[in-house]
Each structure stands twice: as C-alpha cells, then as structure tokens.
Enquirer: 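I have a structure here, written as structure tokens, and I will follow up with some questions on it.
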There are 2 protein chains.
Amino acid sequence: MPEQHPGSRPTLEAVAARAGVSRATASRVVNGGDGVRKPLVDRVRQAVEELQYIPNHAARTLVTRRTGAVAVVIAEPEIRIFSDPFFSLQLRGISKELAAHDTQLVLLIVEGPADFDRIARYLSGGHVDGALAFSLHTDDPLPSITRRAGVPTVYGGRPSWTAGPGEQAVQYVDADNRGGARAAVQYLRGLGRERIAYIGGPPDQTSAVDRLDGYRDILVETDPTLIAEGAFTVESGARAMAELLDRRPDLDAVFAANDLMASGALRVLRERGIPVPEQVALVGFDDMDTVAEATDPPLTTVRQEIEGQGRLMARLLLRGLEKDRTGAGRPDSVITPTTLVRRASA
Amino acid sequence: MPEQHPGSRPTLEAVAARAGVSRATASRVVNGGDGVRKPLVDRVRQAVEELQYIPNHAARTLVTRRTGAVAVVIAEPEIRIFSDPFFSLQLRGISKELAAHDTQLVLLIVEGPADFDRIARYLSGGHVDGALAFSLHTDDPLPSITRRAGVPTVYGGRPSWTAGPGEQAVQYVDADNRGGARAAVQYLRGLGRERIAYIGGPPDQTSAVDRLDGYRDILVETDPTLIAEGAFTVESGARAMAELLDRRPDLDAVFAANDLMASGALRVLRERGIPVPEQVALVGFDDMDTVAEATDPPLTTVRQEIEGQGRLMARLLLRGLEKDRTGAGRPDSVITPTTLVRRASA
DNA sequence: GGAGCGAGTGGGAGCGCTCCCATGTCTGTC
DNA sequence: GACAGACATGGGAGCGCTCCCACTCGCTCC
C-alpha cells in the first residue's frame, strides 16, 4: 500500500512508459481499450494496477468538456416542508442511479432569492453536465437560468409552465397523480360512500392540481362545500378537516391529497369521536411509510414509487446527455404509475 | 443576453485581448487583483463583464491542484434512522458555509459495503479537497480510506476511535453531550425528583456513551434498574419506558437520550395513565422542533445547535485546508455548547 | 508479386489556466 | 541627475489528458 505523497500521483505518461506503449495507446486502454490489440491491453492494464493509476479528472474534463457530474438543485423550503421522507427518498434514487453511471452528485441548496445568482454562476460555469430540480412555482427563476446556461435539466414533478415556442420540451418525471386520485375516489365510491370530501394541496403545485382533477374526473358534479384546501402539512389537514365537518357533518368519506394531511384529518376525526372507517372512510396519498403505517388506524393510501422516481430522473438526464452526444433527440418525460394500498382507514 | 453557443465560452485570452493586457495580468485580476494597478484592474473587470467571462474550472484545477469541492459522505442508514430533521439540518449548515466560500458540495451516499470501493476510488481520484463525514462505528472503513487517500476529513460527532501514533489527530465537531446530560439530570434533581431513570442510546454511538456518562456524573451511585437501553427511535423509547415502569413503578423522572425516544416514552406514560410532569417528569435531548414542540405536553429538552454544527464542520475543514496550504497546523476539534430548554414535560 | 487497404500505433497539438521568471517602469535617495 | 530598488507587467512553460492525423505494418486481391 504505497502511501502517495500528495501531488505525486502517477500520470498516463508513467503508465505508458511502464507498459512500453505510447501515451495515446495507454489512453485508449484506460477508456475501454477499443481498437487495441489484446497483449497491449493487458500490459497497460497491469501497469495501471501496479502504479495504482487514477486518471486526472480535471485534465480529462479540460479536453472532453464533460465533467461527469450532475447538479441536484433543491430549494430550502422543500427540504423542510416535506419533512423529508419524500425528498430523501428521491435523492436516494438519484444517488443510486448516478453512482451506477460513475457520475457525481453536486448538491446545490437554494436558501433564498440571493442564492440564484450563485446557482446561475455555477451552472453557467460548466461544472456539471446537467441538472436535476424539483417541481417549482410558476415564477421560479431556475428554468430560465438552466436554459440560459444551456444545462440540460430534468424536473421532478410536472412543472407548472410549458416550453415556449421553439424551445426544447421540458423533461420531467412525475407520478400519475390524476390517475391515482381517480383510483382513490373510485375506491371510496365502491365502498358505497356518497359524500366524499376532498382535502387538497396548494393550487400552485401541479401535484395538487392534478389530484384535484382526478377527484373531479370521478365526481363530475362536485359540491364545492365538500372541498377544502390545505398546504400538504399535518396542521393544515387538521384545519381543513374541521372546516369540512363544520360545513358538512354528513360527509362519509375523505380523500386527502397527501398522507400528512390525512393524518391531521384523522386526528380531528378522532377528537370529535367520529369512528374511522365506520362513519368516515379516509384515503391519503403518497404512502409515506413513516406516516401511513404509523397512524391508528393505518392509512389506506395511494402509493407512488418515490425512490423510483428519483432513479428515473437521473436516468432520463443521463440518457439525454448521451443522446445529445450522439445527436439523437432527448427522451420524453415519464409518468410513473400509482397503486392503491388498502389498509384500515377505508 | 447573449445565448452562448455551448463550447464557445470566452477564455481568459479573450478577456486579456479585449482589455489590452496580457493573459497573466487578466488572471491576476480575476483572482483578486493584487499587485495590479487600478486602471488595469478596471479595464479587465469590464472586459470580464462584457464577455460574461466565467473561468474554466477544470483548467484551473489542473494547475492548482485544488478542486474547490468538498465531499459529504453519508451512510444510507443515517438518512433514514434519524428520519432526517437531524441530518438535513446539519447538511444545511454545511451547505451554507461551503457556499459562502464558493466551495461545492459533492454528496456521496453509501448504500452498502460494496460502495466503499467506489467512495475510495472517488476520494483517491483527487476530485475533492476534503471530506465531511458523520460519526461512525468502530469498524467503519471510511477513516482508513480517507487517510490512505490523503483527504483531510472532519467528522460530525466524536468518532469512537482515536488516531494511531504519529497520525494527525482526528478532527470533529460534536455537541457537549456529557455536559448537556448533566444539566438535564441536575435540573430534574432541582425539581426534587429522586428516582431519575435513563433511557439510553446504542452503546456503539459515542453520543449515547457521552450522555450516559453525563447522567452518571450527577447520579454517581446509579441504580442499574433505572437504566434502559433504546436505539434512538420512537419505538425503542416506548419499549424502554414500558420496561422501566415494570421494573420501577416508583420512578418519578425520566431522562431520554433523544427526543424521539422521549416521545415514545411519553406515549407509554400516557397509555398507562401516568400524568406528565406531575407524577413523572420527562426530559429529552436534541430539541428537534418537529418532535419536541409537537408532543403533548411539549418536551423539556437539551438543545444543541445542529445547523451550527454543520457550519462548524465545514468551517473547520476549510480552515484546515487553508492552513495546509500556508503550512500551519490543522485546527482543533470543536465542542459546541448545549442549553436546557424548559417546556411543559418537566 | 506488387498495389491497395484497413487496422493498430505513435507523435504532437492544444484544451484554459496559473505561476515562474525576465523585463520594463517608476519611485526615492544621495 | 544617476543608481538602486521596489513594483508592475508580459512571455512562456507546463499541468495531464484526448484526439486528430500520419505512419507502418500485414493482408488480401487481382
């Protein structure tokens, strides 16, 4: 185990010398060995092994103009509001996929508006080959930053804007929010429930919009008194539930647009002595295990593969970069399926 | 807003030409402008502005051998077990501090033993100037990896091993766990409590060890029936509490080594109809706001500045890198203070 | 048996930057 | 008013790699 003096790492030159070939040939071997005769390949490989050669990344990037790194941009609010099982799972999926492709993950946390400058500078600096970001509000400056910086970007969650004329279509990965909501409401109807209330998320998030659309797909003549708006938090779910019960004490089912709100709603139902699911059936969304399985009764909910979404985001981006190089078009966005998970609350 | 053709970004050469100076002078200005006369500085700055010049990071790294990036290594279990308010806060602190020093954050998530190879290769590859990692178990391969790769590393939480002879002392940032525990127990004693139980964490984590030591500092003749071991999770806290009550129904206070376990304990106390704090006073540790403020009654707990710890880790590392360059010794580890936060549970 | 061809290999330029060193310029000093 | 000395600037090498191009083989084919 030679303890390397820092800064004295062996170069390709050294490998080539040891293997008795030219630097060019050594380079070919290190990069896959195509078009080099077997014995030479072996000799170079052995030299690499003996010298513990590791390519200098900066030198490689300098000439190839590819960094082998991808930025993950995350706005600070998200890291908190989602109280993370959501985000951390997605990040994990991303990390796995990137690792499998020897691509590094550079994390950019946006703390406030002032940070966008820093982000813009970074992305424009050619430090990364692409970026992954999460679903944003309409006025978010990020899309225009990445576009101007020419950095291919894949979004998690359907963005609320669409590409302008002549622009590349926005690439994203999202769950089938609408379909999942449809399934949930349909299931409640199948149980014989007739006054199905809805606790929605903030209307500036497309996932909330899509879930509401799904609800409406089934309950075409929706009674507005059965709809309340929350903010995807436990507290807001409780508030919305109280509001709904005050307005419509006769409701017999609730579909909440995420599990956190469902758990808040459940708390209120219990406080008021309303048995779940006997009198009011309750369905959530997301299937966050730390929430949906922990409530009493456990939540029936719509499951989405969060980690899988992360993987797909990374895969979509990497594939797009690959295609950019080969001149093909970028791949399309992906909608991942959702499934209804039956537990005790409905 | 010139939409740059990718790959046609202006170089220092171009800036120099436009400002009518040499590349060397342009470089000096870009790197702070020391020893360049004012009018030239201005001219170069203007050229930079006009051309929207952004230095090529790879080229710079190639010659300076500094990457301007730091790795944050995190083992997958942590990301879940702590259910993250803890980790995400620390990460946030790190991110802020690094951003303030124009240093990038490369996130390395270790999924399993097989990943250590990848991590080792990455760290040895000179992709980063340093690394930040989190407190580990005795047999963790990471320390030996970073040492062999010659990557300066700062740990979050006191590591359970110490440096061998002749090795650099291990640098870390940790809360004053022992002092915090002392304060908590002392506080309970001040309330007149006499049979103060302890719910501890896993003994292979130094934070758990240190907190137990603090407890023992005050309760010198500890009764072993008053001590139970948990695993820093809600469930394990509940289990430990039940165990303690079975053994010692007469206990009048509990100090739990973290808030999650305290909330588990609280649940059990409530289930058994034991009033808190009247019959049993309860103190937690960490002051995780999502937990400590959300329980009923809210937890009295020992607060540690988690985000601040993250900042300090980054600062320690950056300062160490600076000193390496100037030839000074690396700075010492840091212990951050804890404070007792009084709420209703004790 | 010689021209033609393709595959394998090496030479060398150059990616964009920093930094050493030589050169030039302007002070201050006797 | 000439000379050292400090300071400012430019020229140029070189960081480690990839990739273009030219070259040399060993074959096939007529």
Side-chain angles (χ1 to χ4, degrees), chain A residues 4-45 47-48 51-68 102 124-127 129 325, chain B residues 4-45 47-48 51-69 102 124-127 129 325-326:
Chain A
Q4 317 269 6
H5 255 298
S8 70
R9 295 226 317 271
T11 69
L12 236 206
E13 190 79 53
V15 171
R18 181 165 196 120
V21 299
S22 73
R23 206 174 53 242
T25 297
S27 172
R28 284 183 197 108
V29 173
V30 168
N31 292 292
D34 293 346
V36 178
R37 250 188 291 255
K38 187 77 176 25
L40 284 197
V41 170
D42 291 343
R43 255 160 56 204
V44 173
R45 290 251 161 86
V48 164
L51 295 175
Q52 296 259 34
Y53 170 73
I54 298 173
N56 180 310
H57 188 243
R60 184 177 277 175
T61 296
L62 183 56
V63 29
T64 61
R65 284 144 191 301
R66 283 187 289 114
T67 63
D102 266 313
S124 308
H127 297 68
D129 299 332
R325 219 169 308 136
Chain B
Q4 316 270 6
H5 254 298
S8 69
R9 296 226 318 270
T11 69
L12 237 206
E13 190 80 53
V15 171
R18 181 166 194 119
V21 299
S22 74
R23 205 173 54 246
T25 297
S27 172
R28 282 188 271 263
V29 172
V30 168
N31 290 292
D34 292 347
V36 178
R37 248 189 296 255
K38 188 74 175 28
L40 284 198
V41 170
D42 291 343
R43 253 157 63 200
V44 173
R45 291 251 160 86
V48 164
L51 295 174
Q52 297 260 32
Y53 169 74
I54 298 173
N56 181 311
H57 187 243
R60 183 177 279 176
T61 296
L62 183 57
V63 26
T64 60
R65 284 144 192 300
R66 283 187 289 114
T67 63
D102 265 311
S124 307
H127 297 68
D129 299 332
R325 220 170 309 135
T326 58

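Worth knowing before you read on, the calculation uses all heavy atoms, side chains too, and leaves out hydrogens, waters and symmetry mates. Throughout, a chain's letter reflects where its sequence line sits, starting with A, and its residues are numbered from 1.
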Enquirer: In residues 11-23 of chain B, what donor-acceptor pairs under 3.5 Å come from side-chain atoms, sequence neighbours left out?
Expert:
{"from": "B:Thr11", "atom 1": "OG1", "to": "B:Glu13", "atom 2": "N", "distance (Å)": "3.2"}
{"from": "B:Thr11", "atom 1": "OG1", "to": "B:Ala14", "atom 2": "N", "distance (Å)": "3.4"}
{"from": "B:Glu13", "atom 1": "OE1", "to": "B:Arg23", "atom 2": "NH1", "distance (Å)": "3.0"}
{"from": "B:Arg18", "atom 1": "NE", "to": "B:Glu50", "atom 2": "OE1", "distance (Å)": "2.4"}
{"from": "B:Arg18", "atom 1": "NH2", "to": "B:Glu50", "atom 2": "OE1", "distance (Å)": "2.9"}
{"from": "B:Ser22", "atom 1": "OG", "to": "B:Ala24", "atom 2": "N", "distance (Å)": "3.4"}
{"from": "B:Ser22", "atom 1": "OG", "to": "B:Thr25", "atom 2": "N", "distance (Å)": "3.2"}
{"from": "B:Ser22", "atom 1": "OG", "to": "B:Thr25", "atom 2": "OG1", "distance (Å)": "3.4"}

Enquirer: Mind calculating the distance between CG (A:Leu12) and C1' (D:dC15) to the nearest angstrom?
Expert: 13 Å
Enquirer: Give, for atom CG of A:Leu51 and atom CZ of A:Arg9, the distance between the pair rounded to the nearest 0.5 Å.
Expert: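 It comes to 12.5 Å.
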Enquirer: So how far off straight is the helix from C:dG1-D:dC30 to C:dC30-D:dG1, going by the axes through five pairs at either end, to 10°?
Expert: 40°
Enquirer: List the steps and the verdict of side chain to side chain contact (heavy atoms under 4.5 Å, CB included) for B:Val48 and B:Arg43.
Expert: CA-CA 9 Å; B:Val48 164; B:Arg43 253 157 63 200; over 6 Å; no
Enquirer: OP1, OP2 of D:dT18 versus side-chain N and O of A:Thr64: anything below 4.0 Å?
Expert: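 For A:Thr64, the contact criterion (side-chain N or O under 4.0 Å from OP1 or OP2 of D:dT18) is not met.
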Enquirer: Examine distances only and state if a side-chain atom of A:Thr61 and a backbone atom of B:Ala58 form a donor-acceptor pair shorter than 3.5 Å.
Expert: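 No.
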Enquirer: Tell me the interatomic distance from B:Leu62, atom CG, to D:dT18, atom P, rounded to whole angstroms.
Expert: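 Value for this atom pair: 12 Å.
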Enquirer: Check whether A:Asp129 reaches the backbone of A:Arg66 with its side chain - one donor and one acceptor, N or O, closer than 3.5 Å.
Expert: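 Such a contact is absent between A:Asp129 side chain and A:Arg66 backbone.
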Enquirer: What is the distance, rounded to the nearest whole Å, between atom CZ of B:Arg60 and atom C1' of D:dG16?
Expert: 18 Å
Enquirer: Is there a side-chain contact between A:Arg65 and the phosphate of D:dT18, meaning an N or O under 4.0 Å from OP1 or OP2?
Expert: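 No, A:Arg65 has no side-chain N/O under 4.0 Å of OP1/OP2 on D:dT18.
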Enquirer: If you compare every side-chain N and O of A:Asn31 against the phosphate oxygens of D:dT18 (OP1, OP2), does one of them come in below 4.0 Å?
Expert: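 Indeed, a polar side-chain atom of A:Asn31 lies that close.
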Enquirer: What is the distance, rounded to the nearest whole Å, between atom CZ of A:Arg9 and atom P of D:dC17?
Expert: 9 Å
Enquirer: Let's go through B:Arg45 and B:Val29 carefully: what are the C-alpha distance in whole Å and the side-chain angles of both, what is the deciding distance for side chain to side chain contact (heavy atoms under 4.5 Å, CB included) to 0.1 Å, and is it a yes or a no?
Expert: CA-CA 7 Å; B:Arg45 291 251 160 86; B:Val29 172; 4.1 Å; yes
Enquirer: Rounded to the nearest angstrom, tell me the gap between atom CG in A:Asn56 and atom C1' in C:dC17.
Expert: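 Nearest whole value for this atom pair: 13 Å.
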Enquirer: Does the side chain of B:Arg60 come within less than 4.5 Å of B:Asn31's, by heavy atoms?
Expert: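 Yes, close enough: below the 4.5 Å cut-off.
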Enquirer: Do the side chains of A:His57 and B:Leu62 get nearer than 4.5 Å, heavy atoms only?
Expert: no
Enquirer: List every contact pair, protein side and nucleotides 9-13 of chain C side both N or O, where the distance is under 3.5 Å.
Expert:
{"from": "C:dT9", "atom 1": "OP2", "to": "A:Arg37", "atom 2": "N", "distance (Å)": "2.9"}
{"from": "C:dG10", "atom 1": "OP2", "to": "A:Ser22", "atom 2": "N", "distance (Å)": "3.0"}
{"from": "C:dG10", "atom 1": "OP2", "to": "A:Ser22", "atom 2": "OG", "distance (Å)": "3.2"}
{"from": "C:dG10", "atom 1": "OP2", "to": "A:Thr25", "atom 2": "OG1", "distance (Å)": "2.8"}
{"from": "C:dG10", "atom 1": "O6", "to": "A:Arg28", "atom 2": "NH2", "distance (Å)": "2.9"}
{"from": "C:dA13", "atom 1": "N6", "to": "A:Arg23", "atom 2": "NH2", "distance (Å)": "3.0"}

Enquirer: Rounded to whole Å, please give me the gap between CG in A:Asp34 and P in D:dC19.
Expert: 12 Å
Enquirer: Testing the basics here: between A:Pro10 and A:Gln52, what is the closest heavy-atom pair and its distance to 0.1 Å?
Expert: CG-O, 4.2 Å
Enquirer: Using whole Å, what does the distance between atom C1' of nucleotide D:dG10 and atom CD of B:Glu13 come to?
Expert: 12 Å
